[in-house]
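Following: one structure in structure tokens, then a few remarks.
Below, chain A is the first sequence line, B the second, and so on; all start at residue 1. A quick note: this is a predicted structure, and the numbers were derived from the prediction, not measured.
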Amino acid sequence: MLDLKFVREHLDLVKEKTAQQGMDLDVSEFERLDEERRRLLAEVESLKHQRNQVNREIAERKKAKEDAAEIIAEMKAVSARIKELDSLTNAAITAVNDFLLQLPNIPDDTVPVGQSDEDNPVVKTWGEAPQFDFEPLNHWDVGVALDILDFKRAAKITGARFSLLKGPASNMERALINYMLDLHTREHGYTEVLTPFMVNSDSMYGTGQLPKFAEESFKLEGWDYYLVPTAEVPVTNIHRDEILDGDDLPLYYTAYTPCFRSEAGSYGQDTRGMIRQHQFDKVELVKFCRPEDSYDELEGLLANAEAVLQGLGLHYRIVSLCTGDLGFSAAKTYDIEVWLPGQGRYREISSCSDFTDFQARRANIRFRPDSNSKTELVHTVNGSGLAVGRTMAAILENNQQADGSVVIPEVLHKYMGGMTVIEKTA
RNA sequence: GGAGAGAUGGCCGAGCUGGCUGAAGGCGCUCGCCUGCUAAGCGAGUAAGGGGGGAAACUUCCUUCGAGGGUUCGAAUCCCUCUCUCUCCGCCA
């Protein structure tokens with residue numbers, strides 16, 4: 001959420017920036033709502049002031065055993081009016097708030113201007129695409145042939161967009177999670193947390209999934225609980241409604257969670273394989289930091305995510321999301337895209353964003369720079385480090401061999417009982 | 001699932017026979033004083049959000065004692081609903 005004062009004072013800028021993201025903002029509507037809100041507030045507050053003063057008078061008279069019946073009768077009318085105005089005021093505040101909740105974050109000045117993902121500039125490439133002397137297969141063909149991935153039975157158990165992992169694949173899933181968590185905790189300074197996999201709606205509002213993206217989430221029937229779409233939600237909300245000590249910043253957290261997404265609106269895309277599932281595992285990186293540090297913290301977090309791919313020896317590139325492709329809450333985002341030879345293209349495997357104070361304002365996460373100063377909103381930065389299912393897909397496609405076997409990256413050997421290659425077992 | 005207790009400021013903890021209580025006291029923290037250093041001691045200050053005024057320091061008003069409703073001229077204090085925490089019983093991985 002953007003700051004009310006900021007929006008009021010920079011309406012043209014907000015209008016211009018949101019237009020870059022394809023929104024047509026009704027500025028006059030906002031001005032009307034905002035004025036309405038302030039008008040009502042002024043009126044009801046002056047009545048409350050009057051009531052407070054007269055109440056003091058009543059208290060004194062009662063104490064002196066004097067009669068107060070007359071002014072009590074007078075106050076009855078005032079109180080009734082306050083009640084009316086209070087509900088109008090609350091409605092006006094809610095209206096302004098709802099308007100603000102619809103507004104996306106303002107992109108940072110360094111974000112490239114563009115319409116869609118086709119306009120995202122590549123800012124870095126690492127490694128090289130492996131060469132094959134045969135036609136590389138898609139990961140699902142590799143996995144099914146090895147009898148370690150089973151989409152048919154997953155569909156029987158649940159439905160489309162789920163997968164059943166078997167033997168070395170399920171072991172590799174665990175191995176990847178542990179490899180990533182160990183790397184981030186032992187070498188990158190993150191604190192590991194294991195969170196609830198369901199969150200309440202306050203948490204979903206805090207990170208910006210609600211109210212705009214309700215249809216993307218799975219909600220439990222009869223409960224105010226949602227299956228986490230990403231660990232970003234529970235981890236960021238660890239500090240919701242808290243005032244952090246400035247000396248404790250920055251805070252680094254990493255968490256493994258499964259992620260649940262309805263993928264509404266993506267019908268027909270990536271219907272095969274593990275790329276786009278209703279449930280997938282992810283290791284997330286989340287930072288809380290001082291405002292002046294957030295862009296540096298984003299660069300650092302990106303490097304932490306890259307280290308995972310470098311350790312696995314997977315070729316990737318980094319793109320900087322342009323204004324038209326930027327997510328709702330982000331001020332700046334880098335996507336890491338891993339090379340998938342079976343598909344012959346790069347696919348997003350991590351998305352690292354600086355949310356500036358956008359989430360912090362919604363989630364009310366503040367800090368005190370030093371013990372004598374006022375509170376300020378923290379900045380939040382987060383990114384995948386990495387999406388586990390897509391990492392497995394990348395390994396299956398990049399490390400496949402002519403005989404159908406798959407070479408296991410060396411860093412995973414110790415997590416897989418020394419196994420070095422996945423071969424078809426008769 | 002059954003029975004009971006509770007939720008107050010950064011933390012602990014009074015108030016809960018309704019009216020100078022935004023809230024005693026303590027801890028912590030900040031500034032100052034003092035003791036040769038440290039520890040202790042003394043004094044002052046120390047909630048958040050919002051509206052108005054001011055260039056600013058600041059000032060003024062409103063709101064907030066788990067959340068939401070109600071009673072009342074007036075609610076941290078009374079009533080209702082919900083959420084969460086704790087204790088006991090039952091059940092269970």
Side-chain angles (χ1 to χ4, degrees), chain A residues 1-9 30-101 194-206 210 219-220 222-226 234 237-249 251 288 357-378:
Chain A
M1 175 160 71
L2 298 175
D3 179 41
L4 173 59
K5 277 185 195 145
F6 175 85
V7 173
R8 188 186 293 146
E9 286 161 19
F30 168 77
E31 286 177 317
R32 196 184 64 74
L33 293 172
D34 186 38
E35 273 169 36
E36 174 84 349
R37 171 183 163 280
R38 280 200 279 182
R39 210 202 75 229
L40 285 166
L41 217 47
E43 191 177 348
V44 74
E45 282 190 1
S46 82
L47 280 179
K48 283 182 178 176
H49 179 51
Q50 185 191 347
R51 183 179 69 184
N52 287 344
Q53 289 196 310
V54 175
N55 280 337
R56 223 163 289 157
E57 167 88 18
I58 292 171
E60 277 169 29
R61 287 206 197 177
K62 290 261 182 183
K63 200 171 262 178
K65 303 247 194 293
E66 288 171 28
D67 180 51
E70 198 176 309
I71 48 177
I72 286 177
E74 212 175 289
M75 277 302 101
K76 216 165 194 160
V78 173
S79 280
R81 177 68 183 148
I82 287 174
K83 204 168 187 178
E84 286 172 33
L85 282 173
D86 256 341
S87 71
L88 287 175
T89 308
N90 285 336
I93 290 171
T94 304
V96 170
N97 216 35
D98 285 349
F99 185 91
L100 290 176
L101 284 172
L194 186 64
T195 70
F197 298 159
M198 299 178 206
V199 295
N200 59 33
S201 56
D202 284 343
S203 293
M204 293 287 274
Y205 275 96
L210 290 180
K219 185 175 191 299
L220 270 73
W223 294 76
D224 182 38
Y225 293 169
Y226 294 79
N237 279 284
I238 288 174
H239 294 299
R240 172 154 49 87
D241 293 322
E242 290 185 14
I243 299 173
L244 303 171
D245 188 337
D247 294 338
D248 293 340
L249 297 180
L251 290 169
F288 299 83
D357 62 10
F358 189 86
Q359 289 181 328
R361 184 172 295 106
R362 286 176 162 239
N364 193 27
I365 307 170
R366 293 162 294 169
F367 75 105
R368 216 179 286 282
D370 53 78
S371 51
N372 264 336
S373 51
K374 286 191 63 176
T375 57
E376 277 182 59
L377 294 166
V378 301

Problem - N or O in side chain of A:Arg366 less than 4.0 angstrom from B:G49 OP1/OP2 - result: yes
Exercise for the section: Determine whether A:Val78 and A:Gln50 make a side-chain contact, defined as any pair of heavy atoms from C-beta on separated by less than 4.5 Å. Expected result: yes
Exercise for the section: Please check if atom CD in A:Glu70 has more than 12 non-hydrogen atoms from other residues, nucleotides or ligands closer than 6.0 Å. Expected result: no
Fill in the blank from the handout: Atom CD1 of A:Ile243 and atom P of B:U46 are separated, to the nearest Å, by 16 Å
Practice task
Ignoring the backbone of A:Leu41, work out which of B:G10, B:G51, B:C73 is nearest its side chain.
Solution key: B:G51
Practice task
Take the protein atom CG of A:Asp245 and the nucleotide atom C1' of B:G28, then report the distance between them rounded to whole Å.
Solution key: 11 Å
Handout entry: Nucleotide nearest A:Arg8 (side chain, heavy atoms from C-beta), chosen from B:G10, B:G51, B:C73
Key = B:G51
Problem - side-chain contact (heavy atoms from CB on, under 4.5 Å) partner of A:Arg51, chosen from A:Leu47, A:Val54, A:Asn55 - result: A:Asn55
Problem - side-chain N/O A:Arg37 vs B:G50 OP1/OP2, d < 4.0 Å - result: no
Handout entry: Side-chain N,O (A:Ser79) to OP1/OP2 (B:G74) below 4.0 Å
Key = yes
Exercise for the section: With P as the reference atom in both, quote the distance from B:C80 to B:U87 in angstrom, rounded to an integer. Expected result: 26 Å
Practice task
Verify the contact: side-chain N or O of A:Lys62 to OP1 or OP2 of B:U72, cut-off strictly under 4.0 Å; return yes or no.
Solution key: no
Write down the protein N/O and nucleotide N/O pairs, taken from nucleotides 62-64 of chain B, whose separation is under 3.5 Å; answer none if there are no such pairs.
residue	atom	partner	partner atom	Å
B:C62	OP1	A:His49	ND1	3.1
B:C62	OP1	A:Asn52	ND2	2.9
B:U63	OP2	A:Asn52	ND2	3.4

Problem - Separation of atom CG in A:Leu4 from atom P in B:G50, rounded to whole Å - result: 9 Å
Practice task
Return yes if a side-chain donor-acceptor contact under 3.5 Å exists between A:Asp86 and A:Thr89, otherwise no.
Solution key: no
Exercise for the section: Taking atom CZ of A:Phe99 as the centre, report whether more than 12 heavy atoms of other residues, nucleotides or ligands fall under 6.0 Å from it. Expected result: yes
Practice task
Assess the side chains of A:Asp224 and A:Asn200: does a donor N or O sit below 3.5 Å from an acceptor N or O?
Solution key: no
Practice task
Send over the distance from A:Arg361 CZ to B:G49 P, rounded to a whole Å.
Solution key: 12 Å
Handout entry: Length of the line joining A:Leu47:CG and B:G74:P, which is rounded to integer Å
Key = 13 Å
